[in-house]
Asks: 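The structure that follows is given in the form of C-alpha cells.
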Amino acid sequence: MTHHSPRPGTRLPLALAAAFTALLGFAAAPAQAATWSSSEPFGSYTTPDGYTLYNNVWGSGAGSQTIRAESASEWEVTADHPATSGVKSYPNAKKVINKPLSALTSLTSSYDVSVPASGAYSTTFDIWDSDYDHEVMLWVNHTGAVGPLGTEQATVTLGGATWKVYKGDNGANQVYSFLRTSDSSAGTVDLLPVLRWIQQRGWWGDETIGDVQFGYEITSSPGGLDFTTRSFRVTGG
C-alpha cells in the first residue's frame with residue numbers, strides 16, 4: 001500500500017500530525033515476512049544451523065504448493081493438489097546424520113504440527129541410510145485415503161509410541177513403515193530403538209544413517225490446505 005504525505009505547504013497541528021504519523025506507521029507495518037519461501041517444485045534452503053528445507057513437489061498430476069519458513073523449526077506449506085490418487089509431494093525439513101548405527105548413542109526428534117481435517121496425507125518422518133537403499137517411515141498422523149507400502153509385519157511399542165509395522169519394496173529401495181496406532185500432532189520420538197529394532201529383525205545391517213527428514217506426504221489437498229510446523233528438532237547423532 002502506498003501512503004501519500006500532506007501536500008507541500010500544508011501544516012497539521014502538532015498533536016494531529018503525531019497521531020497521523022503513528023497511524024501511518026501502524027498501517028504500513030507489514031506482516032512478518034518469511035526468511036525463505038518458494039513455490040518452485042524443488043525449491044530448497046539450508047538454514048544456518050544445518051537443516052535443509054525442501055518444497056519437494058515430485059508426484060505426477062500435482063498442483064501448486066508454496067513453502068514459507070522462518071527456520072527448520074517454524075515453517076508452513078500451502079498445497080493445492082487435486083483429489084486424485086498417488087503422492088504429489090513431500091515438503092520437509094532434513095538433518096543429515098552420517099553415522100553408522102553402531103556409532104549412535106542417541107537420536108531423538110521432537111515435533112509440533114497443525115494439519116488439516118480434510119485431504120489425504122500423512123505427517124511422516126523419512127529416515128534413509130546413506131546409500132538410499134533403505135527407507136524408514138514413521139507416520140505420526142494421517143488423514144484420508146493413504147496407506148503404507150507392503151504388508152503388515154508386527155505391532156511394536158518403541159521410541160515412546162505403539163506402531164503397526166509394514167515392510168515393502170518400491171523397486172528402488174526397501175521401505176519400512178511404522179504407523180502410529182493413534183494420531184499425534186506433537187511429541188518426541190526416540191528414533192534409535194526403532195532403527196535398532198529393524199536391525200534385530202535382520203532387515204538391514206550396520207547401516208550408516210544419512211537423512212532424517214520430517215514433513216507432510218501429500219496425496220490430495222483440493223482447494224488449498226495449510227500444513228504448519230510449529231517446532232521440529234533432531235538431537236543426538
Asks: What do the steps show when you test R230 against S114 for side chain to side chain contact (heavy atoms under 4.5 Å, CB included), and what is the final call?
Replies: CA-CA 8 Å; R230 288 189 286 260; S114 177; 3.3 Å; yes
Asks: Would you name the heavy atoms of V175 and N170 that are closest together and state the gap between them?
Replies: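 Closest heavy-atom pair between V175 and N170: CG2-ND2, 3.9 Å.
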Asks: For the side chain of N56 and the backbone of Y90, is there at least one donor-acceptor N/O pair under 3.5 Å apart?
Replies: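 It does hold such a pair.
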Asks: Quick one, L104 with I209, criterion side chain to side chain contact (heavy atoms under 4.5 Å, CB included). Give me CA distance, side-chain angles, the key distance, then yes/no.
Replies: CA-CA 9 Å; L104 289 172; I209 305 304; 3.9 Å; yes
Asks: Kindly indicate whether the side chain of T143, heavy atoms from C-beta on, has any atom under 4.5 Å from the side chain of V115.
Replies: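 Answer no - side chains too far apart.
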Asks: Is the backbone N or O of A79 less than 3.5 Å from a side-chain atom of S221, with the two atoms forming a donor-acceptor pair by type?
Replies: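 Present.
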Asks: Is there a donor-acceptor contact under 3.5 Å linking the side chains of T162 and T181?
Replies: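 No, no side-chain donor-acceptor contact under 3.5 Å.
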Asks: What about W197 and L195, same hydrophobic cluster or not, with Ile/Leu/Val/Met/Phe/Trp/Tyr joined at side-chain heavy-atom distances under 4.5 Å?
Replies: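 They do share one cluster, since a chain of ILVMFWY contacts under 4.5 Å joins W197 to L195.
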Asks: From I67 CD1 over to E40 CD, what is the distance, rounded to the nearest 0.5 angstrom?
Replies: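 Rounded to the nearest 0.5 Å, the CD1-CD separation comes out at 13.0 Å.
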Asks: Under a 4.5 Å side-chain heavy-atom rule over Ile, Leu, Val, Met, Phe, Trp and Tyr, are L101 and F178 clustered together?
Replies: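 Both belong to a single hydrophobic cluster.
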Asks: Which pair of heavy atoms, one from G159 and one from P193, lies closest together, and at what distance?
Replies: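 For G159 and P193, the tightest heavy-atom pair comes out as N-CB, 4.4 Å.
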Asks: Hey, is the main chain of H142 close enough, under 3.5 Å, to the side chain of S122 for a donor-acceptor pair?
Replies: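 Absent.
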Asks: Is there a donor-acceptor pair closer than 3.5 Å between any side-chain N or O of R201 and the backbone N or O of W203?
Replies: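 No; judged by distance alone, with no hydrogens or angles, the pair does not exist.
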Asks: Under 3.5 Å, is there a donor on one side chain and an acceptor on the other for N55 and S38?
Replies: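 The criterion, which ignores hydrogens and geometry beyond distance, is not satisfied for S38 and N55.
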Asks: Once you round to the nearest 0.5 Å, how far does OH of Y51 lie from OG of S71?
Replies: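 These two atoms lie 9.5 Å from each other.
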Asks: Closest approach of A62 and P82, non-hydrogen atoms and distance?
Replies: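 What the structure gives for the nearest pair is C-CD, 4.3 Å.
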Asks: Do S184 side-chain atoms and A186 backbone N/O form a donor-acceptor pair below 3.5 Å?
Replies: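 Here the side-chain-to-backbone pair exists.
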Asks: Rounded to the nearest 0.5 Å, how far does CG of L191 lie from CG of L107?
Replies: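 The distance works out to 4.5 Å.
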Asks: For the hydrophobic clusters of this structure (ILVMFWY residues joined by side-chain heavy atoms under 4.5 Å, transitively), does one cluster hold both V77 and V146?
Replies: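 Not linked; separate clusters.
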Asks: Under 4.0 Å between a Lys/Arg side-chain N and an Asp/Glu carboxylate O for R233 and D112?
Replies: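 The answer is no: the pair does not qualify as a salt bridge.
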Asks: When the ring planes of Y176 and H134 are compared, do they come out parallel, tilted or perpendicular, using 30° and 60° as the limits?
Replies: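 Parallel, since the angle between the ring planes stays under 30°.
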Asks: What's the spacing between S177 OG and K164 NZ if we round to 0.5 Å?
Replies: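 Atom-to-atom, S177:OG and K164:NZ are 13.5 Å apart.
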Asks: Any donor and acceptor pair, going by atom type alone, linking the side chain of D211 with main-chain N or O of Q213 inside 3.5 Å?
Replies: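 Judged by distance alone, no pair lies under 3.5 Å.
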Asks: Between Q153 and T151, is there a side-chain donor-acceptor contact under 3.5 Å, judged purely by atom types and distance?
Replies: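 On atom types as modelled, these side chains qualify, holding a pair under 3.5 Å.
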Asks: Will you find, in the side chains of S39 and T66, an N or O donor that is under 3.5 Å from an N or O acceptor?
Replies: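 S39 vs T66: donor-acceptor pair found between side chains.
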Asks: Taking the side chain from Y121 and the backbone from P116, do they hold a donor-acceptor pair closer than 3.5 Å?
Replies: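 Checking the backbone N and O of P116 against the side chain of Y121, a donor-acceptor pair under 3.5 Å is found.
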Asks: On a heavy-atom basis, which atom in A93 and which in L53 lie closest, and how many Å separate them?
Replies: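 Looking at all heavy atoms of both residues, the closest pair is CB-CD2, 3.8 Å.
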Asks: Examine the side chains of D206 and S102 and answer whether a donor and an acceptor come within less than 3.5 Å of each other.
Replies: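 Yes.
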Asks: Tell me, do S109 and T235 make a side-chain contact under 4.5 Å, heavy atoms counted?
Replies: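 Of all side-chain heavy-atom pairs linking T235 with S109, none is under 4.5 Å.
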Asks: Yes or no on side chain to side chain contact (heavy atoms under 4.5 Å, CB included) for R68 and T78, after CA distance, side-chain angles and deciding distance?
Replies: CA-CA 9 Å; R68 295 171 293 275; T78 300; 2.7 Å; yes
Asks: Would you say W128 ends up clustered with I97 if hydrophobic residues are merged whenever their side chains have heavy atoms under 4.5 Å apart, either directly or through other cluster members?
Replies: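 As far as the 4.5 Å side-chain criterion goes, W128 and I97 are not connected within one cluster.
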Asks: Answer whether the closest heavy-atom distance between the side chains of F227 and I218 falls below 4.5 Å.
Replies: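 A side-chain contact under 4.5 Å exists here.
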Asks: Can you confirm whether the side chains of Q65 and D80 place a donor and an acceptor under 3.5 Å from each other?
Replies: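 Their side chains do not contain a donor-acceptor pair, so the 3.5 Å distance test is not met.
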Asks: Would T46 and W36 count as a side chain to side chain contact (heavy atoms under 4.5 Å, CB included) if you check the C-alpha gap in whole Å, the side-chain angles of each, and the deciding distance to 0.1 Å?
Replies: CA-CA 10 Å; T46 299; W36 171 75; over 6 Å; no
Asks: Please check if any side-chain donor atom of T108 sits under 3.5 Å from a side-chain acceptor atom of T188, or the reverse.
Replies: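 No, no side-chain donor-acceptor contact under 3.5 Å.
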Asks: Distance check, rounded to the nearest 0.5 Å: S64 atom OG versus K88 atom NZ?
Replies: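 Rounded to the nearest 0.5 Å, the OG-NZ separation comes out at 12.5 Å.
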Asks: Considering only Ile, Leu, Val, Met, Phe, Trp and Tyr, and joining two whenever side-chain heavy atoms are under 4.5 Å apart, list the other residues clustered with V96.
Replies: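 Direct or chained contacts put V96 with none.
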Asks: With distance as the sole test, does D131 use its side chain to make a donor-acceptor pair with the main-chain N or O of D133 at under 3.5 Å?
Replies: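 Checked: no pair found.
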Asks: Are L179 and V189 linked, directly or through intermediate hydrophobic residues, by side-chain heavy-atom contacts shorter than 4.5 Å (ILVMFWY only)?
Replies: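 Not linked; separate clusters.
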Asks: Show every ring pair (Phe, Tyr, Trp, His ring centres under 6.0 Å) that has at least one partner inside residues 57-86, sequence neighbours left out.
Replies: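 Listed once each, the pairs are W75-Y216.
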Asks: Does F232 offer a backbone N or O that forms a donor-acceptor pair with the side chain of S73 under 3.5 Å?
Replies: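 Answer holds: yes.
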Asks: Can you tell me if T47 and D49 form a side-chain donor-acceptor pair at under 3.5 Å?
Replies: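 The criterion, which ignores hydrogens and geometry beyond distance, is satisfied for D49 and T47.
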Asks: How far does OH of Y54 sit from OG of S44, to the nearest 0.5 angstrom?
Replies: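 Taking OH in Y54 and OG in S44, the distance rounds to 5.5 Å.
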Asks: State whether the side chain of W163 and the backbone N or O of L158 hold a donor-acceptor pair below 3.5 Å, judged by distance alone.
Replies: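 Yes, the answer is positive, given that a donor and an acceptor are paired below the 3.5 Å cut-off.
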Asks: Measure the shortest side-chain to side-chain distance between Y111 and T229 over non-hydrogen atoms and say whether it is less than 4.5 angstrom.
Replies: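 When only atoms from C-beta onward are counted, T229 and Y111 do not touch, as no gap falls below 4.5 Å.
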Asks: Applying side chain to side chain contact (heavy atoms under 4.5 Å, CB included), name anything that partners A145, two or more places apart in sequence or on another chain.
Replies: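 With neighbours one apart ignored, the set is empty.
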